[in-house]
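Naming: A, B, ... by sequence-line order, numbering from 1 per chain.
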Amino acid sequence: MFDLIEAWLLRPNFLAFVILFLWGLYIMVARPNLVKKLIGLYIVQTSVLLFFIALSAKTGATVPVLVSAADAVQAAAYANPLPHVLTLTAIVVQVATLGVSLALVAVIYRTYGTLDEENILKKLE
Amino acid sequence: MSEHLPVLIFLSPLMTAIILPVVGLAHREWSRPLALAAVSVMTVLSLINLVVVIRHGTMRYTFSGWAAPLGIEWVDDGLASLLMIMVSVLSFLAMIHAGFAEPSSLGGRVVPYYALILLLIAALTGIVFSGDLFNVFVFLEVGALSAYALVGIEGGKALVSAFRYLILGTLGSSLYLLGVAYCYAVTGTLNMMDLAERVPELLLSKAIVGGLIFLFLGLGIKMAIVPLHGWLPDAYTHAPDAVSPFLASLSTKVALIAWVRIMFWVVGANAEIDHVPVLFLLEEVGSVAAVVGAVLALTQSELKRIFAYGGISHIGLILIGVSLGNRTGFAGGVFYLINDAVLQAALFFLAGVACVRYGVRTLDDVRRVRGYTPWMTGALVVMAMAMVGFPPTGGFFGKWYIILGALEARNYLSVGAVVVATLLTLAYWVRILERVFHSGRPSPGQTQGQASAAPPLDLPVALKVSVGTVSAAIILLGLSSDPIIGFLRTVAVPPGL
């Protein structure tokens with residue numbers, strides 16, 4: 001039990017990921033306001049990005065730029081660049097999602113005059 | 001030239017989707033011919049691609065000359081080439097049909113409609129070909145974003161459904177991305193071939209198992225497997241009639257194909273986690289989905305909702321088929337997938353036409369138009385036969401091979417699930433057809449009044465042709481099941497089966 005807790009506390013970035021992910025999920029489920037749901041969704045997406053970045057974090061590592069071709073490459077000395085690249089792509093995807101979702105919310109607000117899910121459902125009937 | 005085929009197939013809808021809004025600014029009426037041209041080019045290229053793959057075997061396409069584990073790789077094998085034909089031909093048919101269904105319902109949004117549809121088709125192509133986990137994620141998102149916009153393009157009630165679809169769909173993609181992160185953390189690679197060398201030995205690692213579960217959950221939301229199907233019925237019911245055939249026939253099936261790729265080409269058919277075969281678990285999930293989906297379909301009263309839940313049930317059947325662990329079951333499952341794609345397109349064509357032309361939404365409305373529409377009634381009977389699984393429709397042969405595969409695997413539970421789902425399907429079709437053919441006069445009074453109010457207008461020829469073509473395709477698929485099943489059992493077979 002204590003080992004487990006210790007293992008968690010030694011990896012605060014992963015702990016932060018779990019908290020953010022669940023927090024976002026909770027906001028998505030519990031809040032009736034559509035914009036707040038989107039904020040929850042955004043937190044979930046960002047927490048996954050944090051997870052990616054946490055994977056590549058390394059103590060004492062530097063940016064992966066090869067200074068001279070003559071030296072042998074020491075993989076341990078560089079931070080892994082691939083998760084960063086993936087994160088960058090995922091951010092682009094996330095921004096696009098946010099754009100589409102905000103556009104949808106804007107049209108919903110113009111159509112129904114409210115952002116509260118329960119009120120919208122009432123108006124639908 | 002032929003080695004660039006997969007990319008050309010992908011680029012023709014993508015480039016047109018980018019050009020279309022620019023051209024559409026000045027000439028809105030050009031958008032439809034342009035889009036149709038793109039999809040026809042794509043169909044022709046897919047056919048050539050199939051021939052090339054049969055002649056020369058699997059093609060592996062690497063982008064910008066970066067070889068496989070470092071760069072992104074596309075795999076153009078038997079399965080992908082066959083499914084590309086499905087995607088392109090159905091897109092072509094659905095787009096032709098959309099032209100006749102669209103003008104009234106889309107208003108001035110014709111240009112964005114065609115651009116988004118092409119983007120969706122391009123994304124589906126990418127998912128079918130991609131041999132890289134992260135690349136699949138990108139295409140899943142591109143396709144999903146166009147789908148959200150398409151569902152809401154008409155405004156009104158569909159907006160709320162589109163928003164729900166967006167929330168759940170994006171959650172699905174996030175879960176998928178999380179699964180990719182887990183797999184990457186353990187193996188250090190994203191290429192499926194590279195992963196396939198490392199994953200089977202690592203199945204005791206909790207991170208890999210967790211990652212696979214997240215991958216399945218993410219794709220499960222996309223393919224609407226019970227109990228992750230909540231977004232689908234609303235989205236399909238409220239989506240414009242020009243949109244729902246595309247979504248219903250293609251997007252869920254392609255998500256399922258993405259999982260089939262991961263399951264067979266990465267994890268391996270014989271994978272076991274703690275002595276439990278992974279395929280066995282999937283087949284159980286499929287059995288539950290097949291039966292529950294059909295039960296839910298039986299409880300609906302709106303036509304489109306019945307069809308939507310029928311589709312959910314069929315996703316379960318396909319999952320049973322591909323997870324039986326033998327060639328017969330796999331071929332049956334994929335054949336049923338192709339059949340179901342055609343069938344769902346046909347059903348939503350019909351539901352759209354019935355709704356727009358005759359105002360038929362619910363089961364009770366069906367009674368009102370009895371006798372006016374022999375053409376539609378004929379199509380409906382063909383679809384019913386295909387959905388329940390009577391010969392000579394494609395549905396019969398798909399189910400036949402799935403059951404044969406299940407018997408071969410001595411998996412009597414899934415035989416039972418297929419049979420129960422079929423009986424339930426029969427039950428909800430009886431509910432529909434009873435209202436079409438019931439001999440007694442409809443309940444007097446209100447129905448009579450409505451019938452005289454609605455003139456017995458005939459369908460335009462174009463709609464007759466499009467509904468007739470897909471109905472014919474269903475039967476044609478059944479008649480040509482032998483070569484397709486043969487192809488699936490020999491050329492498109494995954495490793496390890």
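F137(B) touches chain A through its side chain: at least one heavy atom from C-beta onward sits under 4.5 Å away, while N, CA, C and O do not. Proximity to chain A is limited to the side chain of F134(B), based on heavy atoms less than 4.5 angstrom apart. Only the side chain of I120(A) comes within less than 4.5 Å of a heavy atom of chain B; its backbone N, CA, C and O stay farther away. Neither the backbone nor the side chain of A103(A) comes within contact range of chain B, judged by heavy atoms closer than 4.5 Å. Both the backbone and the side chain of T97(A) come within less than 4.5 Å of a heavy atom of chain B. The contact between E117(A) and chain B is made entirely by side chain atoms (from C-beta outward), counting heavy-atom distances below 4.5 Å. Both the backbone and the side chain of L34(A) come within less than 4.5 Å of a heavy atom of chain B. Both the backbone and the side chain of L124(A) come within contact range of chain B, judged by heavy atoms closer than 4.5 Å.
If you take CD on Q94(A) and OG on S173(B), they are separated by 11.0 Å, rounding to the nearest 0.5 Å. With rounding to the nearest 0.5 Å, the separation of CG in L178(B) from CD in Q45(A) is 12.5 Å.
Within the 4.5 Å cutoff, the side chain of L177(B) has no heavy atoms near those of the F51(A) side chain. Taking 4.5 Å as the limit, every side-chain heavy atom of T170(B) sits out of range of all side-chain heavy atoms of V44(A). Side chains of L38(A) and I167(B) form a contact here, defined as non-hydrogen atoms less than 4.5 Å apart.
Within 6.0 Å of NZ on K122(A) lie no more than 12 heavy atoms contributed by other residues, nucleotides or ligands. A 6.0 Å sphere centred on CZ of R361(B) holds no more than 12 heavy atoms belonging to other residues, nucleotides or ligands. More than 12 heavy atoms of other shown residues, nucleotides or ligands fall within 6.0 angstrom of atom OH in Y78(A). With a 6.0 Å radius and a threshold of 12 heavy atoms from other residues, nucleotides or ligands, Y26(A) has its OH atom at or below the threshold.
Checking side-chain atoms of Y184(B) against main-chain N and O of L55(A) turns up no donor-acceptor pair under 3.5 Å.
For the options V92(A), L86(A), V105(A), heavy-atom pairs under 4.5 Å to chain B are most numerous at L86(A). In terms of heavy-atom pairs under 4.5 angstrom with chain B, the leader among P83(A), G24(A), S56(A) is P83(A). Of all the listed residues (L49(A), V93(A), L25(A)), the one sharing the greatest number of non-hydrogen pairs under 4.5 Å with chain B is V93(A).
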Which is it for Y176(B) and V48(A) under the side-chain contact (heavy atoms from CB on, under 4.5 Å) test, yes or no, and what are the steps along the way? CA-CA 10 Å; Y176(B) 180 86; V48(A) 177; over 6 Å; no
Which is it for L175(B) and F21(A) under the side-chain contact (heavy atoms from CB on, under 4.5 Å) test, yes or no, and what are the steps along the way? CA-CA 10 Å; L175(B) 287 171; F21(A) 188 89; 3.8 Å; yes
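Only one option out of L190(B), L70(B), T189(B) pairs with L82(A) in a side chain to side chain contact (heavy atoms under 4.5 Å, CB included); it is L190(B).
Heavy atoms only, all atoms of each residue included: L145(B) and A96(A) are closest at CD1-CB, 3.6 Å. In plain terms, the two heavy atoms of F163(B) and K37(A) that are nearest each other are CE2-CD, 4.2 Å.
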